[in-house]
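Sequential numbering from 1 along the given sequence is applied to the chain's residues. Just so you know, these numbers come straight off a predicted model, no measurement behind them. Values below: every heavy atom of this structure, side chains too, minus hydrogens, waters and symmetry copies.
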Amino acid sequence: LALVALLAAFPDRVALGQWYVGLELESARYGGSARDTSNGSGPPTFRPGDATMAGVRVERVMGRLGVAVRGSYGTPGLAAAGPDLTITDRSFGELIELATLFAVRVGGIGPSGAIRAEMGPALHLWDVGDERRSRIGALGALAYEWPVAGRFSGAIRLEGALSRSWFEDGDLPPEYERRVTWRYGVPLGLRYRL
């Protein structure tokens with residue numbers, strides 16, 4: 001739907017645009033979600049664990065503008081984190097992230113490298129045991145793209161995402177306060193121009 005709206009808004013650029021399909025591998029780090037407010041004997045925070053995410057990306061680039069749809073999968077699990085120790089249970093906590101990103105070229109490096117700023121909504125589907133929880137959030141990124149060979153190009157992104165806490169009331173002891181869940185990551189991708 002977002003792609004159709006963008007194409008309708010810029011009909012004169014459709015003929016000039018290029019389609020790309022790519023694969024991405026991301027190292028993701030999570031924070032927030034729940035914090036101990038009592039300074040008790042439990043871990044100071046509970047959050048999703050750090051994870052490696054694998055994704056598929058489809059994008060349309062029209063001059064300086066672009067739009068992309070990305071689906072990613074990983075198993076962050078659940079982490080109990082303190083200042084010097086983090087324990088992660090990866091036996092549950094699968095994550096599917098679906099994002100729509102709108103991009104604008106903000107610069108370049110060399111004759112063919114492009115720097116793009118991207119922003120858009122993200123849907124997080126987190127499996128916790130027998131329950132799937134959904135969270136809507138925002139995702140932003142700064143990307144550098146460069147040609148590799150022929151129709152192939154590479155991309156590296158620095159990205160961050162925010163959503164409301166992935167925990168519900170009653171998930172944790174009462175001394176834990178739910179907080180915003182945030183993530184930062186570095187996806188590395190290879191894409192093919194159709």
*Any Lys/Arg nitrogen of E97 or R183 sitting under 4.0 Å from an Asp/Glu carboxylate oxygen of the other?*
yes
*asked:* Could you tell me if the side chain of V56 sits less than 4.5 Å from the side chain of L23, heavy atoms only?
replied: yes
*Kindly work out whether a path of hydrophobic side-chain contacts (I/L/V/M/F/W/Y, heavy atoms less than 4.5 Å apart) joins M119 to L65.*
no
_Interatomic distance, R157 atom CZ to E26 atom CD [nearest 0.5 angstrom]_ = 10.0 Å
*Same hydrophobic cluster for V21 and W19, using side-chain heavy-atom links shorter than 4.5 Å among ILVMFWY?*
yes
*Could you state the interatomic distance from CD1 (I136) to CG (L98), rounded to the nearest 0.5 Å?*
9.5 Å
_Looking at every heavy atom in both A34 and L172, which two are closest together, and how far apart are they?_
CB-CD1, 3.2 Å
*Is it the case that one hydrophobic cluster holds both L190 and Y73, taking links as side-chain heavy atoms less than 4.5 Å apart, direct or via other members?*
no
*Going through the checks in order, is the side-chain contact (heavy atoms from CB on, under 4.5 Å) test met by I156 and L188?*
CA-CA 5 Å; I156 188 166; L188 181 62; 4.1 Å; yes
*Mind listing the closest non-hydrogen atom pair of P76 and G93 along with its distance?*
CD-O, 3.0 Å
_Assess the residue pair V186 and L158 against the criterion (side-chain contact (heavy atoms from CB on, under 4.5 Å)); give the C-alpha distance rounded to whole Å, side-chain angles, the decisive distance to 0.1 Å, and a yes or no._
CA-CA 5 Å; V186 181; L158 300 175; 3.8 Å; yes
_Could you check whether any side-chain N or O of D50 sits under 3.5 Å from a backbone N or O of Y30, counting only pairs where one atom can act as donor and the other as acceptor?_
yes
_Show the nearest heavy-atom pair for residues E59 and A68, with the distance to one decimal._
CB-CB, 3.5 Å
*Check E145, R151, E24, R57 against R191 for a side chain to side chain contact (heavy atoms under 4.5 Å, CB included) and give me the one that passes.*
E145
_Inter-residue atom distance T45.OG1 - D36.CG, 0.5 Å rounding_ = 9.5 Å
*For the residue pair G49 and T88, what are the closest heavy atoms and their distance?*
CA-CG2, 4.1 Å
*Is the closest side-chain heavy-atom distance between L139 and E118 below 4.5 Å?*
no
*Out of curiosity, M53 CE to I96 CD1, how far, rounded to the nearest 0.5 Å?*
9.0 Å
*Would you check if the side chain of R90 reaches a backbone N or O of T75 as a donor-acceptor pair within less than 3.5 Å?*
yes
*Indicate the atoms forming the closest heavy-atom contact of S134 with L123, along with that distance.*
CB-CD1, 4.1 Å
_Is the shortest side-chain heavy-atom distance between L194 and Y192 below 4.5 Å?_
yes
*Do Y184 and L142 belong to the same hydrophobic cluster, where Ile, Leu, Val, Met, Phe, Trp and Tyr are linked whenever their side-chain heavy atoms lie under 4.5 Å apart, directly or via other members?*
no
*Quick one: do I109 and V148 end up in the same hydrophobic cluster if we chain Ile, Leu, Val, Met, Phe, Trp and Tyr together by side-chain heavy atoms under 4.5 Å apart?*
yes
*asked:* Using 0.5 Å steps for rounding, measure from the OG1 atom of T181 to the CZ atom of F167.
replied: 7.0 Å
*asked:* Strictly distance-based, threshold 3.5 Å: is any side-chain N or O of S165 a donor or acceptor partner for the main-chain N or O of S33?
replied: yes
_When you measure from the side chain of R70 to the backbone of G55, do you find a donor-acceptor pair of N or O atoms at a distance under 3.5 Å?_
no
*Identify the heavy atoms of P43 and Y176 that sit nearest to each other, and give their distance.*
O-OH, 2.6 Å
_Euclidean distance, R135 CZ relative to W166 CH2, rounded to 0.5 Å_ = 9.0 Å
